[in-house]
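Just the heavy atoms: all of them, side chains too, but no hydrogens, waters or symmetry mates, feed the values below. One is the number of the first residue; the rest follow in order along the sequence. Here the structure is a predicted model, which is why all the values come from computation and not from measurement. For ligands, and for the atoms within them, numbers begin at 1 and follow the listed sequence.
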Amino acid sequence: MIKSFHPPVRTLMGPGPSDVNPRILEALSRPTIGHLDPVFIDMMDEVKSLLQYAFQTENKLTLPVSAPGSAGMETVFTNLLESGDKVIICQNGVFGGRMKENAERCGAQAIMVEDVWGETVDIDKAEQALSENPDAKALAFVHAETSTGARSDAEALCALAQKYDCLSIVDAVTSLGGIELKVDDWGIDAIYSGTQKCLSCVPGLSPVSFSDRAAKVISSRKRKVQSWFLDLNLVMGYWGTEAKRAYHHTAPINSLYALHEALVILQEEGLEQAWQRHALNHQAFAAGIKAMGLGFVVAEDVRLPQLNAVSFPTSINDADVRNALLNEYNLEIGSGLGALAGKVWRIGLMGYASNRTNVLFCLSALANVLAARGMDIDSKGTLAAANTVYNTKA
Ligand SMILES: *Cc1c(COP(=O)(O)O)cnc(C)c1O
């Protein structure tokens, strides 16, 4: 007979999911109630206003899509684009490529602006594409490229989109809660995120937000959105502001308790404090990595604190090290993707996992595993370098 499943307790320091705060797991286990229960609807309103805080927006069209980050991406593209539209997509990693897939499946034409993986999106190249394509409807890019650990200048790119009278589409799956992100100040028109990265919630929901300008594009479409489930014109009947909420689909009730708790935790800490915490833990981690003799793929000024792409000597076997960390230390880190496969580890310091204990644990586990494989590692110096950052900056 198959028995109940009891997962091992791991420390999650990969590209997501990140460690889930126990408060969130407890919230998840509270009693399930009806998704049209007035008490539940009040909680949905709180989730909306907490998301407005997290996104720094007053956008009325702000809600969690009932599916993971990829569904948030699909929601944005399918609702904003119609067949025959043109969209400029800046790609500097895996997720820009998925934007292209989405745009083309909407029947839109994707004009790709390619940048080297590990580098930030080039503003001048984006501007050139905008000036060469005055009929483009939107400019899309990934704020925090989880496949490489590079941050792009969302503020500058959105200002460009406005200058050329384009909608801006921003992938903030890994940035929300981890680095500065200001939807209204930066003039972002459409943004999507995920729950399992810097919000440290369970996977399966995708917060999205649309400016009034973008909302108008959605409500005045020529043709219906091809996805019934993701059509915001319909979803709004359930998540909308009208007094009477109509059934569209059964909301993932307990997952929404979890998101509510995750956002309450973020609000208690304060957004800016959360950004500072991510920055500090990254600095300590980076000091340790350097002391270990390992390198970073991304230049310091555009490096994401929550996703560290660490390069290692070719003599080291990527999978062997990751397996040792998982089996001997219950520690999960990520592998490289695409062009970076086998050449880097992606080490996440996201949300609840971005803390001093995890930084020191990961550095010492990695130092031990690499030393056991013959690398000349200064374990003591590694931890000392990280601790020095905490002792001088904390
Ligand atoms: C994780 C991620 C996604 C996809 O989110 P899922 O929840 O895995 O569907 C999209 N974009 C970026 C930048 C991501 O890091």
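Considering backbone and side-chain atoms together, Arg98 places no N or O closer than 3.5 Å to any N or O of ligand 1. Between Gly69 and ligand 1, at least one pair of N/O atoms sits closer than 3.5 Å.
Of the residues listed (Ile188, Val183, Val208), the one engaging Phe55 in a side chain to side chain contact (heavy atoms under 4.5 Å, CB included) is Val183, and it is the only one. Among Leu304, Asp122, Val170, Val121, the one residue that satisfies the side chain to side chain contact (heavy atoms under 4.5 Å, CB included) test with Ser152 is Val121.
Interface atoms of ligand 1 facing Gln196, defined by a heavy-atom separation under 4.0 Å, are 6 (P), 7 (O), 8 (O). The atoms of ligand 1 that sit less than 4.0 Å from any heavy atom of Lys197 are 1 (C), 2 (C), 3 (C), 14 (C), 15 (O). Near Thr146, meaning under 4.0 Å from any of its heavy atoms, are these atoms of ligand 1: 12 (C), 13 (C), 14 (C), 15 (O). Heavy-atom proximity to Thr174, at under 4.0 Å, picks out these atoms of ligand 1: 15 (O).
Within the structure, the closest approach of Ala144 to ligand 1 falls below 4.0 Å when heavy atoms are considered.
The existence of a salt bridge linking Lys224 and Asp231 is excluded, since no basic side-chain nitrogen approaches an acidic carboxylate oxygen closer than 4.0 Å. Salt bridge annotation for Asp212-Lys216: absent, with no cationic side-chain nitrogen under 4.0 angstrom from a carboxylate oxygen.
Criterion: ILVMFWY side-chain heavy atoms under 4.5 Å apart, direct or through other members. Under it, Val302 and Val173 are not part of a common hydrophobic cluster.
Using a 4.5 Å heavy-atom cutoff, the side chains of His143 and Leu181 are in contact.
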- Message: As a quick check of understanding, evaluate side chain to side chain contact (heavy atoms under 4.5 Å, CB included) for Leu307 and Lys197, giving each step before the final call.
- Response: CA-CA 10 Å; Leu307 196 284; Lys197 312 248 168 138; over 6 Å; no
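Nearest protein heavy-atom contact of atom 11 (N) of ligand 1 is Asp171 OD2, 2.7 Å. For atom 3 (C) of ligand 1, the closest non-hydrogen atom on the protein side is Phe95 CE2, 3.5 Å. The protein non-hydrogen atom at the shortest distance from atom 4 (C) of ligand 1 is Ser70 OG, 3.6 Å.
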